[in-house]
Amino acid sequence: MKKNLSVVVEDEDLIELMRILMDDDAEAALAFLKKHFKGKAKDLLEGG
């Protein structure tokens with residue numbers, strides 16, 4: 001079953017995400033995911 005996961009970010013976070021993608025910064029990417037998706041993925045897996 002496919003599930004949808006959305007995140008709302010402020011402009012500064014979007015700029016940070018673009019920097020991460022441009023720099024191919026794996027460590028910052030992991031930190032970004034932990035910050036913005038914390039708990040959301042777990043909720044989806046538990047039936048949310």
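All heavy atoms count here, side chains included; hydrogens, waters and symmetry mates do not. What you are looking at is a predicted structure, and each value in this text was computed from that prediction instead of being measured.
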Apply side-chain contact (heavy atoms from CB on, under 4.5 Å) to residues Ile20 and Glu16 and explain how you reach the verdict. CA-CA 6 Å; Ile20 291 167; Glu16 176 66 8; 4.0 Å; yes

Indicate yes or no: at least one non-hydrogen side-chain atom of Asp13 is less than 4.5 angstrom from one of Lys35. yes

Any side-chain heavy atom of Glu12 sitting closer than 4.5 Å to one from Leu14? no

Co-membership, hydrophobic cluster, residues Leu30 and Val9, 4.5 Å side-chain: no

I want to check something: taking the side chain as every heavy atom from C-beta on, are Phe32 and Val7 in contact at a cut-off of under 4.5 Å? no

Other residues, nucleotides and ligands only: do more than 12 of their heavy atoms fall within 6.0 Å of CG on Asp24? no

Linking I/L/V/M/F/W/Y whenever any side-chain heavy atoms sit under 4.5 Å apart, do Leu33 and Met18 land together? yes

